[in-house]
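Structure record follows, encoded as structure tokens.
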2 protein chains.
Amino acid sequence: MKTKEHKIPEATIKRLSTYVNYLGRLGTDSNPVISSEILGESCQVSPAQIRKDLSYFGEFGVRGVGYDTKKLEAEIKDILGINHNWPTTIVGVGKLGQALLNFDFFRNHGFRIITAFDSDPNKIGTEAANGVTIQSISDIEKCVREEKISIGIITTPVAAAQEVADKLVSGGINGILNFAPIKVRVPETITLRNVSITSELDNLAYLLTQKKR
Amino acid sequence: MKTKEHKIPEATIKRLSTYVNYLGRLGTDSNPVISSEILGESCQVSPAQIRKDLSYFGEFGVRGVGYDTKKLEAEIKDILGINHNWPTTIVGVGKLGQALLNFDFFRNHGFRIITAFDSDPNKIGTEAANGVTIQSISDIEKCVREEKISIGIITTPVAAAQEVADKLVSGGINGILNFAPIKVRVPETITLRNVSITSELDNLAYLLTQKKR
DNA sequence: GCGACAATGTGATAACTGTCACAGCCTAAC
DNA sequence: GTTAGGCTGTGACAGTTATCACATTGTCGC
């Protein structure tokens, strides 16, 4: 893979995720080769857009033929970096936290969840899922440092989110994925993504309201 | 509210959601008035961006002063249409579905969850949360039609998502929020949003990988 | 009432992102 | 070997979104 010097649109990354997801579900045996036309059809993206997205990172196809399905999947995985195995923790073992703990695609996307934290004394010490034991939130710093955890996923209520983020940061975390509907603040050096389920709801509400008017 | 004829960027809607969220948490008593500067600081958006976003919909501030906090919150809620009370259903009562059933912000964002569906015989007939009883997936069509449900939230595994979407559509659903990591296909007339948690993970993985290189 | 000040609203401009058309390259058939 | 056909890769163009600068309009003190 040769990353070109250009800046890559975030939308491109999002689409690459869609592509690789689809390719993963596709039987590579029955579809050894795929064209941007077909892939676009399935992912609801124009063929030109797909070719452009891929062209940011190199040339993966064969003119007149298409893309080798298996190879393309591997290339995109490499681009996205989901072949890694980031030591990950989930903070906040409510329903959402549990949902994420049980999603097996974490493993398939380069994350290995090794610890979980919660503030509820009744939960601490119990097993959350897959052999992961729930620890006290007050131990975050120490644990992150000792276990060299590089990703923290925040699924706490809004009130606790910033404090948790601070603890993760001072423990030496690398990246944070925040599901609490508030924009947490972290130093420049920390990679941060805020996932706002709330805003998805609001967006749907907006679209529906528009339709009615 | 006077919607101008211009097309509104989706990013603007997303930010409006952020603003209204922040305003809701802000004590309006201690902060009767807020400037785009301060609001921007809190939401990590430039002041000019905020003013531009709002200007698509009208003039809500007072020059030299700022925005009336309470009034601005109400105006944005009105713009987004989260003062409605859409009859909503959740299909797929796994951990994620349960998480959503228990989030009280659904109510605060214009959605009223009145039914839930699952395919697991052991779950059918039991109460999911807040007095919502779980029904069989085979009853979706009938129930959506009879209860005049307008929003469907899909939290099933990938394999079931498209089939569920089809059933919701033929029952006469209005909008769909899909959490399954696949782009479901619906007729043009249905308002659809695909929420991809997977792509958020992939995006984080990408950013972290970039940092390392 | 008037001047100094403060923060909005917006046209102009810049940056970014997506679309399009076609040149370039590969395969396959004859 | 040559030609026809097909699909990628990409530069040029168009459309969209964000930034900037400042004119505008309101407040407050005297």
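We name chains A, B, ... by the order of the sequence lines, and we start the count at 1 in each one.
- Put simply, the residue from B/Thr88, B/Thr89, B/Ile149 that forms a side-chain contact (heavy atoms from CB on, under 4.5 Å) with B/Ile114 is B/Ile149.
- For A/Lys167 and A/Glu141, the salt-bridge test fails: no basic side-chain N is under 4.0 Å from an acidic carboxylate O.
- For B/Tyr67, the listed nucleotide lying nearest its side chain is C/dG9; candidates were C/dC22, C/dC26, C/dG9.
- You'll find that the side chain of B/Pro9 is closest to D/dA18, out of C/dG18, D/dA18, C/dT8.
- The main-chain N or O of A/Gly92 is found under 3.5 Å from a side-chain atom of A/Thr155 such that the two form a donor-acceptor pair.
- Counted by atom type alone, A/Asp53 and A/Thr12 present one or more donor-acceptor pairs between their side chains at under 3.5 Å.
- Closest to the B/Ser36 side chain, of the nucleotides C/dT17, C/dT8, D/dG9, is C/dT8.
- Relative to the side chain of B/Ser46, the nucleotides D/dT27, D/dT19, D/dA18 differ in distance, and D/dT19 lies closest.
- Per the geometry, CZ belonging to B/Arg15 stands 10 Å off P belonging to D/dT17, to the nearest Å.
- Residue A/Gln49 contributes atom CD, which lies 16 Å from atom C1' of D/dG11 at whole-angstrom precision.
- Both A/Val62 and A/Ala11 sit near DNA chain C, but only A/Ala11 has its closest nucleotide nearer the 5' end.
- Here the side chain of B/Arg51 is nearest to one of C/dT27, C/dG9, C/dG18, namely C/dG9.
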